[in-house]
Trainee: 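After the structure tokens below, expect a handful of questions from me.
As the structure lists them, so they are numbered: ligands from 1, and atoms in each ligand from 1. No hydrogens, no waters, no symmetry mates; every other heavy atom, side chains included, goes into these values.
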Amino acid sequence: MKEIQAIIQPFKLSAVTDALQVIPGVGGITAMDVRGFGHQRGENGLEKPAHGSVNYTPKVMLVLAVPDAVVAPVLAAIERHAHTGNPGDGKVLVLPVEDALRVRTGERGEGAL
Ligand SMILES: Nc1ncnc2c1ncn2[C@@H]1O[C@H](COP(=O)(O)OP(=O)(O)OP(=O)(O)O)[C@@H](O)[C@H]1O
Ligand SMILES: [Mg+2]
């Protein structure tokens with residue numbers, strides 16, 4: 001199992017969600033409004049920020065726990081539907097997941113996803 005943390009541009013949320021929710025093995029998605037910066041330190045990439053300053057820009061973070069085999073189609077869908085080609089398009093992290101629990105049924109591991 002892996003946890004995928006995808007930080008994307010908010011206006012891409014619905015397109016990315018539409019693409020992810022039809023992938024077999026995607027049992028659910030958590031979405032959070034977050035703020036962040038990357039290499040451009042919150043600027044548009046055309047101008048350097050003033051020395052020492054950083055702008056946190058609104059982003060959306062999607063969190064999905066999926067079986068290992070589902071990581072590749074999820075990343076492909078995010079790459080395809082969150083991409084504009086401009087700085088700030090986003091970042092995706094893939095983390096190992098040790099266990100999961102489906103509260104209603106008591107299922108554990110992949111069966112809980
Ligand atoms: N190394 C990182 N660790 C944690 N969060 C990050 C990291 N890099 C980016 N983020 C988050 O992802 C968001 C989008 O990052 P962004 O797309 O600007 O990355 P980038 O590496 O600067 O790429 P680009 O050059 O295409 O802009 C940031 O606003 C921040 O919330
Ligand atoms: Mg950036």
Trainee: How close do Val97 and Lys2 get, counting heavy atoms only, and between which atoms?
Mentor: CG2-C, 3.5 Å

Trainee: Please list, in number order, the atoms of ligand 1 under 4.0 Å from a heavy atom of Gly90.
Mentor: 14 (C), 17 (O)

Trainee: Please check whether Asn86 reaches ligand 1 - meaning an N/O of the residue sits under 3.5 Å from an N/O of the ligand, judged on distance alone.
Mentor: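 In fact, backbone or side chain, Asn86 has no N or O that close.
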
Trainee: Got the closest protein heavy atom to atom 1 (N) of ligand 1, with its distance?
Mentor: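 Of every protein heavy atom, Lys91 CD, 4.3 Å lies nearest to atom 1 (N) of ligand 1.
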
Trainee: Report yes if Phe37 has an N/O atom closer than 3.5 Å to an N/O atom of ligand 1; otherwise report no.
Mentor: yes

Trainee: Would you mind checking which non-hydrogen protein atom is closest to atom 31 (O) of ligand 1, with the distance to 0.1 Å?
Mentor: Gly36 CA, 3.2 Å

Trainee: When you measure from atom 13 (C) of ligand 1 to every protein heavy atom, which one gives the shortest distance, and what is it?
Mentor: Ile7 CG2, 3.6 Å

Trainee: Any chance you could measure Lys91, atom NZ, to Gln5, atom CD, to the nearest 0.5 Å?
Mentor: 13.0 Å

Trainee: Determine, considering heavy atoms only, which of Lys59, Gln40, His39 sits nearest to atom 24 (P) of ligand 1.
Mentor: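 It is Gln40 that holds the nearest heavy atom.
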
Trainee: Is there a protein heavy atom at a distance of less than 4.0 Å from atom 17 (O) of ligand 1?
Mentor: yes

Trainee: Considering only heavy atoms, does Asp89 approach ligand 1 within less than 4.0 Å through its side chain, its backbone, both, or neither?
Mentor: backbone

Trainee: Could you check Val60, Asp33, Asp18 and say which one makes a side chain to side chain contact (heavy atoms under 4.5 Å, CB included) with Leu13?
Mentor: Val60

Trainee: Would you say the side chain of Leu64 lies within less than 4.5 Å of the side chain of Val70, judging by non-hydrogen atoms?
Mentor: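 When only atoms from C-beta onward are counted, Leu64 and Val70 do not touch, as no gap falls below 4.5 Å.
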
Trainee: Side-chain contact, heavy-atom cut-off 4.5 Å: Glu3 with Val63?
Mentor: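 Yes. Closest side-chain heavy atoms under 4.5 Å.
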
Trainee: Tell me whether atom 4 (C) of ligand 1 lies less than 4.0 Å from at least one protein heavy-atom position.
Mentor: no

Trainee: Looking only at distance, does Gly88 have an N or O less than 3.5 Å from an N or O of ligand 1?
Mentor: yes

Trainee: Kindly compute the distance separating CD1 (Ile29) from CG (Leu20), expressed to the nearest 0.5 Å.
Mentor: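 Atom-to-atom, Ile29:CD1 and Leu20:CG are 4.5 Å apart.
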
Trainee: Please check if atom CD in Glu79 has more than 12 non-hydrogen atoms from other residues, nucleotides or ligands closer than 6.0 Å.
Mentor: no

Trainee: Please give me the minimum heavy-atom distance between Ala6 and Ile78, naming the atom from each residue.
Mentor: CB-CD1, 3.7 Å

